[in-house]
Amino acid sequence: MTDGRLRDAAQTRVEEILDEVTASGEETGVQVAAYLDGELVVDAWAGLAEVETRRSMGPETLVPSWSTGKGIAAALVAVLVDRGMVGYDTPIAAYWPEFGARGKSEITLGHVLSHSAGLPQLRPEVTPEELFDVPSVGDWLAGQTPLWEPGTASGYHGWTYGVLLAETLRRVTGRTCDELLREELAGPLGVADSLLFSVPDDLVARVATCYDGGWAAYLDRMPPDSPFFTFAPRPVLPVASLANRADFRRAALPANGTMTARAAARVYAALACGELDGVRLVSEATLKEATAPRTSGEDRSLGFPLLKGYGFMLGGAGSVVRSPDGGFGTNGSGGSAASADPAHRFSFAVTKNRMSVNGLDRRLFREVRAALGISGRS
């Protein structure tokens with residue numbers, strides 16, 4: 001069991017930081033959760049879920065967390081791999097024959113998860129309405145030629161990661177990604193109503209409103225010819241106004257996730273510890289396969305080095321992942337993040353509804369680890 005003094009110190013320090021950043025207006029609402037040795041040791045929240053109505057951010061508020069959902073999707077795929085339902089090395093065309101056209105017959109599920117399939121692109125003029133029609137985008141991608149030879153390079157598949165996973169898993173299992181998440185991952189961990197790809201009507205009232213805190217301007221400063229706009233064309237940039245759309249919340253697109261910090265930290269705690277409250281998601285061998293380095297070097301879409309496994313980031317610019325410890329996780333646009341550190345049986349998650357580039361996720365990550373004395377543990 002975690003030393004009570006360390007646990008109290010971590011909780012107190014996080015509460016101080018959240019009070020500071022929400023009182024100053026730097027943040028609107030924030031949630032933070034962390035597990036150590038299978039125990040929830042930090043569980044904090046502060047600020048507002050919605051400014052206009054003065055609705056408070058609470059522990060059960062659902063927060064649009066963007067690509068933090070990619071790691072949740074990766075965990076779900078690992079569960080299915082562990083059960084023999086899908087395989088990382090099986091060509092997607094084995095499940096989805098039409099996909100094999102135009103040089104894509106050898107693209108595997110592992111290529112999609114490691115962002116090395118060569119299919120990050122969307123039509124430059126794609127609209128949100130078109131993007132959220134996931135089967136139609138899947139049909140369009142099935143007719144595309146990869147931008148590079150699959151498996152030879154990696155470039156972040158911002159939206160298409162979710163489209164390709166959703167369509168492949170549906171064809172393999174006959175179930176939607178929402179059904180699979182609820183039945184195979186979130187349900188067993190007791191967080192089925194707090195870890196979502198699409199938000200059902202009965203949970204919409206729990207969703208936080210997103211606000212811009214400089215994130216949109218950060219994206220707008222990118223050069224017009226930046227490869228970023230290949231995978232995220234301007235009409236579907238991951239900004240607050242998109243997150244607040246009703247059709248965005250309904251979209252079953254596992255490139256994104258809407259969640260609580262508690263739920264995200266719980267998933268990663270189960271992976272970090274091997275078993276959590278009697279629930280084992282995957283075997284040690286499958287987790288090792290999912291989190292082994294698959295691609296490194298400069299990411300063709302983002303323009304900076306990023307080490308990737310099968311759906312998990314293993315370290316890189318702006319990451320809360322400590323890859324020397326064997327850590328893994330994902331960050332989301334605007335500052336949400338979740339990760340695991342199996343070497344220290346530690347997991348961490350932060351969700352927030354003001355999209356910014358202030359590095360609060362990394363600050364909180366460092367402070368929590370320091371308060372818990374993790375840096376000195378082996």
Side-chain angles (χ1 to χ4, degrees), residues 21-22 25-31 45-70 72 122 125-134 137 158-159 161-163 166 177-178 193-220 228-229 231-261 263-264 330-338 349-358 360-361:
V21 297
T22 55
E26 180 181 348
E27 297 292 345
T28 302
V30 189
Q31 301 170 333
W45 57 91
L48 297 174
E50 187 173 70
V51 172
E52 294 77 8
T53 62
R54 307 302 294 175
R55 175 162 58 101
S56 296
M57 177 71 77
E60 296 302 322
T61 302
L62 294 165
V63 183
S65 300
W66 301 97
S67 289
T68 307
K70 286 184 172 68
I72 301 302
L122 291 170
E125 65 277 15
V126 66
T127 66
E129 293 84 356
E130 291 170 336
L131 176 61
F132 302 149
D133 185 351
V134 174
V137 180
W159 290 112
Y161 174 102
V163 173
C177 57
D178 290 316
D193 65 347
S194 300
L195 191 70
L196 309 164
F197 294 133
S198 66
V199 181
D201 291 344
D202 62 332
L203 296 180
V204 166
R206 284 174 50 194
V207 179
T209 298
C210 283
Y211 301 91
D212 182 64
W215 179 253
Y218 166 75
L219 297 182
D220 196 54
F228 185 94
F229 299 116
F231 73 81
R234 289 189 182 276
V236 292
L237 284 175
V239 294
S241 58
L242 188 68
N244 293 332
R245 292 176 57 128
D247 52 0
F248 173 87
R249 294 174 178 176
R250 290 194 300 267
L253 188 57
N256 304 287
T258 299
M259 64 194 74
T260 66
T330 52
N331 292 57
S333 291
S336 67
V350 55
T351 61
K352 64 195 200 74
N353 61 341
R354 181 168 292 275
M355 299 182 69
S356 62
V357 289
N358 60 12
L360 178 65
D361 55 339

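As the structure is a prediction and not an experimental result, all values here were calculated from the model.
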Novice: Could you pull out the closest heavy-atom pair between R206 and S194, with the gap in Å?
Specialist: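 Result for this residue pair: NH2-OG, 3.4 Å.
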Novice: Between K70 (side chain only) and G257 (backbone N and O only), is there a donor and an acceptor less than 3.5 Å apart?
Specialist: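 Flag not set: sc K70 to bb G257 has no pair under 3.5 Å.
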Novice: Out of curiosity, S65 OG to N331 CG, how far, rounded to the nearest 0.5 Å?
Specialist: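 These two atoms lie 11.5 Å from each other.
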Novice: I'd like to know if the side chain of K352 and the backbone of G334 have a donor-acceptor N/O pair within less than 3.5 Å.
Specialist: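 At least one qualifying donor-acceptor pair exists.
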Novice: Check whether any side-chain heavy atom of P128 sits under 4.5 Å from a side-chain heavy atom of V236, and report yes or no.
Specialist: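 In short, these two side chains touch, coming nearer than 4.5 Å.
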Novice: With rounding to the nearest 0.5 angstrom, report the CZ to OG distance, F248 to S241.
Specialist: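 Here the interatomic distance stands at 10.5 Å.
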Novice: What residues form a salt bridge (Lys or Arg N to Asp or Glu O under 4.0 Å) with E26, not counting sequence neighbours?
Specialist: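 Per chain and number, E26 pairs via salt bridge (Lys or Arg N to Asp or Glu O under 4.0 Å) with no residue.
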Novice: State whether the side chain of Q31 and the backbone N or O of A261 hold a donor-acceptor pair below 3.5 Å, judged by distance alone.
Specialist: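 Yes: the side chain of Q31 pairs with the backbone of A261.
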Novice: Taking the side chain as every heavy atom from C-beta outward, state whether E129 and D247 have any pair of such atoms under 4.5 Å apart.
Specialist: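 Yes; the side chains approach each other to less than 4.5 Å.
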Novice: How many angstroms lie between atom CG of N256 and atom OG of S67, to the nearest 0.5 angstrom?
Specialist: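 Answer rounded to 0.5 Å: 6.0 Å.
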Novice: Under 3.5 Å, side chain of N244 to main-chain N/O of A240, donor-acceptor pair present?
Specialist: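 The answer is yes, because a donor-acceptor pair under 3.5 Å joins these two groups.
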Novice: Between CD1 of I72 and CZ of F197, what distance do you get to the nearest 0.5 Å?
Specialist: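 One finds 7.5 Å between CD1 of I72 and CZ of F197.
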Novice: Minimum heavy-atom separation for P59 and W45, please, with both atom names.
Specialist: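 Heavy atoms of P59 and W45 come nearest at CD-CE2, 3.4 Å.
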Novice: How about F231 and L122: do any of their side-chain heavy atoms sit closer than 4.5 Å?
Specialist: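 No, too far: nothing below the 4.5 Å cut-off.
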Novice: Does the side chain of T209 come under 3.5 Å of the side chain of E52 through a donor N or O and an acceptor N or O?
Specialist: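 No, no side-chain donor-acceptor contact under 3.5 Å.
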Novice: Centres of the Y161 and W66 rings: under 6.0 Å?
Specialist: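 No, they do not, as the ring centres are separated by 6.0 Å or more.
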Novice: Could you state the interatomic distance from CD (E50) to CZ (R54), rounded to the nearest 0.5 Å?
Specialist: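 CZ of R54 is found 11.0 Å from CD of E50.
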Novice: So which heavy atom on D178 is nearest to which on A252, and how close?
Specialist: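 For D178 and A252, the tightest heavy-atom pair comes out as OD2-CB, 3.4 Å.
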Novice: Kindly give the heavy-atom pair with the smallest separation between T28 and R354, and that separation in Å.
Specialist: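 Heavy atoms of T28 and R354 come nearest at OG1-NE, 2.8 Å.
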Novice: Determine yes or no for a side-chain-to-main-chain donor-acceptor pair under 3.5 angstrom, with E130 supplying the side chain and V137 the backbone.
Specialist: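 It does not hold such a pair.
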Novice: Do NZ/NE/NH1/NH2 and the carboxylate oxygens of R250 and D201 come within less than 4.0 Å?
Specialist: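 D201 and R250: not salt-bridged.
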Novice: Looking at every non-hydrogen atom in both residues, tell me the closest pair between N353 and A49 and how far apart they are.
Specialist: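 Between these two residues, the closest heavy atoms are ND2-O, 3.2 Å.
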Novice: Report the residues that fulfil side chain to side chain donor-acceptor pair (under 3.5 Å) with T22, sequence neighbours left out, ordered by chain and then residue number.
Specialist: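 Here no residue qualifies.
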Novice: May I ask you to test the L196-R249 pair for a side-chain heavy-atom distance under 4.5 Å?
Specialist: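 Result no, sub-4.5 Å side-chain heavy-atom pair not found.
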Novice: Hey, does V239 have a side-chain heavy atom less than 4.5 Å from the side chain of D212?
Specialist: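 No, every pair of side-chain atoms sits at 4.5 Å or beyond.
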Novice: Taking C-beta and beyond as the side chain, do T260 and T351 meet within less than 4.5 Å on heavy atoms?
Specialist: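 They are not in side-chain contact.
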Novice: Say whether, by atom type as modelled, one donor and one acceptor occur between the side chain of S198 and the main chain of A251 under 3.5 angstrom.
Specialist: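 No, S198 side chain to A251 backbone: no donor-acceptor pair under 3.5 Å.
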Novice: Give, for atom CG of L219 and atom CZ of F229, the distance between the pair rounded to the nearest 0.5 Å.
Specialist: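 Between atom CG of L219 and atom CZ of F229 there are 6.5 Å.
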Novice: Does the side-chain contact (heavy atoms from CB on, under 4.5 Å) test come out yes or no for L242 and L237, once each step is laid out?
Specialist: CA-CA 8 Å; L242 188 68; L237 284 175; over 6 Å; no
Novice: Which residues pass the salt bridge (Lys or Arg N to Asp or Glu O under 4.0 Å) test with R234, sequence neighbours left out?
Specialist: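 R234 satisfies salt bridge (Lys or Arg N to Asp or Glu O under 4.0 Å) with D220 once adjacent residues are dropped.
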Novice: Closest approach of S336 and T68, non-hydrogen atoms and distance?
Specialist: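 Taking every non-hydrogen atom into account, OG-OG1, 2.7 Å.
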Novice: Side chains of S333 and M355: closer than 4.5 Å at any heavy-atom pair?
Specialist: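 The answer is yes; the side chains approach within 4.5 Å.
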Novice: Does the side chain of L48 reach to within under 4.5 Å of the side chain of M57, using non-hydrogen atoms?
Specialist: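 No. Closest side-chain heavy atoms not under 4.5 Å.
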